[in-house]
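All values below come from the heavy atoms of this structure, side chains included, with hydrogens, waters and symmetry mates left out. Only a predicted model underlies this, so the values are computations on that prediction, with no experimental measurement involved.
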Amino acid sequence: MYAQLVKSEAAKTYDEMTPQERAFQERIDRGEKIEPKDWMPDAYRKTLIRQIGQHAHSEIVGQLPEGNWITRAPTLERKQILLAKVQDEAGHGLYLYSAAETLGISRDELLDMLHSGRMKYSSIFNYPTLTWADIGAVGWLVDGAAIMNQVPLQRTSYGPYSRAMVRICKEESFHQRQGYDIMMKMAFGTPDQKAMAQDALNRFWYPSLMMFGPSDKDSVHSAQSMQWKIKINTNDELRQKFVDQTVPQAKYLGLTIPDEQLRWNAEKGGYDFSEPDWSEFYAVIAGNGPCNGERMAARVTAWEEGAWFRDGLMAYAEKSAQRPSAAA
Ligand code: FAQ
């Protein structure tokens, strides 16, 4: 399982590149977008398929922890909002699968790789949503971390990915606000509600920090992905920005970030904070998190139980194509 975790080769210098690779790198350095029919190095294509595919899978697996609360949302309004959000995540998955398909891989192949454990999805979705406050924490922290990572990806070098990110970011920022709105209701509510909000923050803080990936020193792909502008920032840069943005938001809520080492560092103009437990991170991405089995079982069941519907759509498309009016 998760066989992709291999040390990638360091990025090539200009001198080590073939003339074709150099011309490609120069286009990227000039800020040009790479489009599906353009020549690209095989490794660029593979890296994009890996990253966009993982991202797409994260969106649809990410529906599960929130979908868990649709029937139990505390008011009709909250239920409608949550339904719309979970539906948005399916849409994000579709834009991203479409972007990945422009690289020459089919959606069926990508899903097969997810279902057989050959492709990853974000570690965060392997944690349970135990209370309604968790839905607030997911919106505030998980969507907050997702936006922090995805806003720069609007400038990623691959055209279809970059354009998908523009729309996704608009929707994610609404998602983040709805999560913060839930947190405000809870944190400014009864003592029990505030305690639930604090408990959700305690459980989601470190898993949210893990979303940005391992420390830069352990990141396998960052050097090459940044040279190709597939990634715009390092994992640690984005994690720092997320902490700096989120700490004042927690203070406003009257909640405490569960990190005794958290301090403002005037010299660096940001907070010092504790690293997540990286052994937990590696266990989760190796398939051993609290909900990995449950999440994969839900996705595989949905795929198998949806076979009749996919078959029906295909049969309808074939029949429509054979109609005389279609031929004309
Ligand atoms: N989880 O060398 P790096 C969302 C893997 S947002 C699992 O640093 P890279 C919205 C990594 O794949 C979440 N695996 O890797 C939403 C690699 O393994 P591999 C999705 C992780 O790619 C909100 C290995 O560790 N967002 O869904 C994670 O340069 C609420 C070494 O790491 C994106 O995917 C992780 N957290 O940087 C939906 C954003 N971190 O592939 C519903 C796009 C690392 O060699 C509800 N992706 N790994 O087997 C990226 O920006 C990058 O791929 C990173 C990782 C930053 C995630």
Side-chain angles (χ1 to χ4, degrees), residues 2 5 51 54-55 58-59 61-62 65-66 120-130 133-153 169 172-173 175-176 179-180 183 187 197-222 225-226 231-253 255-265 268-292 295:
Y2 296 117
L5 197 64
Q51 180 166 320
Q54 285 181 7
H55 195 163
S58 304
E59 300 284 355
V61 177
E66 291 183 298
K120 295 189 174 68
Y121 55 90
S122 183
S123 49
I124 189 72
F125 302 119
N126 293 307
Y127 291 86
T129 42
L130 302 176
D134 288 11
I135 298 305
V138 168
W140 172 36
L141 301 173
V142 175
D143 285 281
I147 302 170
M148 194 54 84
N149 168 278
Q150 291 171 9
V151 164
L153 288 178
C169 282
E172 294 290 21
S173 92
H175 294 172
Q176 200 259 358
Y180 197 68
M183 290 307 275
Q198 181 64 55
D199 174 56
L201 170 58
N202 292 349
R203 283 179 293 106
F204 275 91
W205 177 249
Y206 288 104
S208 300
L209 297 188
M210 292 176 197
M211 286 176 71
F212 297 95
S215 303
D216 290 351
K217 63 177 172 22
D218 298 318
S219 170
V220 181
H221 305 291
S222 284
S225 289
M226 289 182 73
K231 278 168 87 167
I232 309 294
N233 299 93
T234 72
N235 301 352
D236 286 338
E237 280 169 4
L238 292 174
R239 195 170 5 253
Q240 179 71 54
K241 283 178 83 168
F242 173 74
V243 172
D244 294 344
Q245 172 186 282
T246 310
V247 171
Q249 295 172 347
K251 276 193 185 142
Y252 177 77
L253 294 173
L255 301 179
T256 308
I257 303 277
D259 178 1
E260 288 179 5
Q261 308 306 318
L262 189 81
R263 305 256 181 298
W264 176 252
N265 179 334
K268 78 171 179 187
Y271 286 90
D272 290 333
F273 59 94
S274 303
E275 295 269 308
D277 174 354
W278 291 117
S279 62
E280 178 180 320
F281 168 77
Y282 285 112
V284 172
I285 68 171
N288 302 317
C291 299
N292 295 59
R295 300 294 183 237

Is the closest side-chain heavy-atom distance between [X] and [Y] below 4.5 Å?
{"X": "H55", "Y": "S122", "result": "no"}
{"X": "K231", "Y": "N235", "result": "yes"}
{"X": "I124", "Y": "F204", "result": "yes"}
{"X": "T129", "Y": "E66", "result": "no"}

- Task: Give every residue pair that meets the salt bridge (charged side-chain N to carboxylate O under 4.0 Å, His left out) criterion with at least one member in residues 136-150, sequence neighbours excluded.
- Result: K85-D143

- Task: Name all pairs fulfilling the salt bridge (charged side-chain N to carboxylate O under 4.0 Å, His left out) condition that reach into residues 275-289, sequence neighbours left out, sorted by first residue then second.
- Result: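 Salt bridge (charged side-chain N to carboxylate O under 4.0 Å, His left out) check on residues 275-289 returns no pairs.
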
- Y271 and I257: side chain to side chain contact (heavy atoms under 4.5 Å, CB included), yes or no, with the steps? CA-CA 12 Å; Y271 286 90; I257 303 277; over 6 Å; no

What's the shortest heavy-atom distance between [X] and [Y], and which atoms?
{"X": "A146", "Y": "E172", "result": "CB-OE2, 4.5 Å"}
{"X": "P152", "Y": "I232", "result": "O-CG1, 3.2 Å"}
{"X": "R295", "Y": "P65", "result": "NH2-CB, 3.6 Å"}
{"X": "S208", "Y": "V142", "result": "OG-CG2, 4.2 Å"}
{"X": "F125", "Y": "S58", "result": "CE1-O, 3.4 Å"}
{"X": "Q261", "Y": "S274", "result": "CG-OG, 3.2 Å"}

Side chain to side chain contact (heavy atoms under 4.5 Å, CB included) involving [X] - partner list, sequence neighbours excluded:
{"X": "E260", "result": "none"}
{"X": "T246", "result": "W140, L141, W205, F242, Q249"}
{"X": "L130", "result": "P128, D134, R203"}

Tell me, please, which residues at least two apart from [X] pass side-chain hydrogen bond (donor to acceptor under 3.5 Å, both in side chains).
{"X": "S173", "answer": "none"}
{"X": "T234", "answer": "D216"}
{"X": "Q51", "answer": "Y161"}

- Let me see the working for V247 and F273 under side chain to side chain contact (heavy atoms under 4.5 Å, CB included), right down to the final yes or no. CA-CA 10 Å; V247 171; F273 59 94; over 6 Å; no

For the atom pair [atom1] ([X]) and [atom2] ([Y]), what is the distance rounded to the nearest 0.5 Å?
{"X": "K251", "Y": "T256", "atom1": "NZ", "atom2": "OG1", "result": "10.5 Å"}
{"X": "S222", "Y": "N233", "atom1": "OG", "atom2": "CG", "result": "10.0 Å"}
{"X": "L255", "Y": "M183", "atom1": "CG", "atom2": "CE", "result": "5.5 Å"}

Test your reading of the model: is there a side-chain donor-acceptor pair from [X] to the backbone of [Y], 3.5 Å cut-off?
{"X": "N149", "Y": "L238", "value": "no"}
{"X": "R239", "Y": "M210", "value": "no"}
{"X": "Q240", "Y": "G270", "value": "no"}

- Task: Run the numbers on V243 and D259 for side chain to side chain contact (heavy atoms under 4.5 Å, CB included), then give the verdict.
- Result: CA-CA 11 Å; V243 172; D259 178 1; over 6 Å; no

- Message: The criterion is salt bridge (charged side-chain N to carboxylate O under 4.0 Å, His left out); which residues satisfy it with D272, sequence neighbours excluded?
- Response: K268

- Query: Can you name the residues that form a ring-ring contact (aromatic ring centres under 6.0 Å, His included) with Y127, not counting sequence neighbours?
  - Reply: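 Partners of Y127 by the ring-ring contact (aromatic ring centres under 6.0 Å, His included) criterion come out as none, since no residue qualifies.
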
- Query: Which residues pass the ring-ring contact (aromatic ring centres under 6.0 Å, His included) test with F281, sequence neighbours left out?
  - Reply: W278

- Using the side chain to side chain contact (heavy atoms under 4.5 Å, CB included) rule, take I147 and H175 through it: C-alpha gap first, then chi angles, then the decisive distance, then the call. CA-CA 10 Å; I147 302 170; H175 294 172; over 6 Å; no

- Charged N to carboxylate O under 4.0 angstrom, D244 versus K241? no

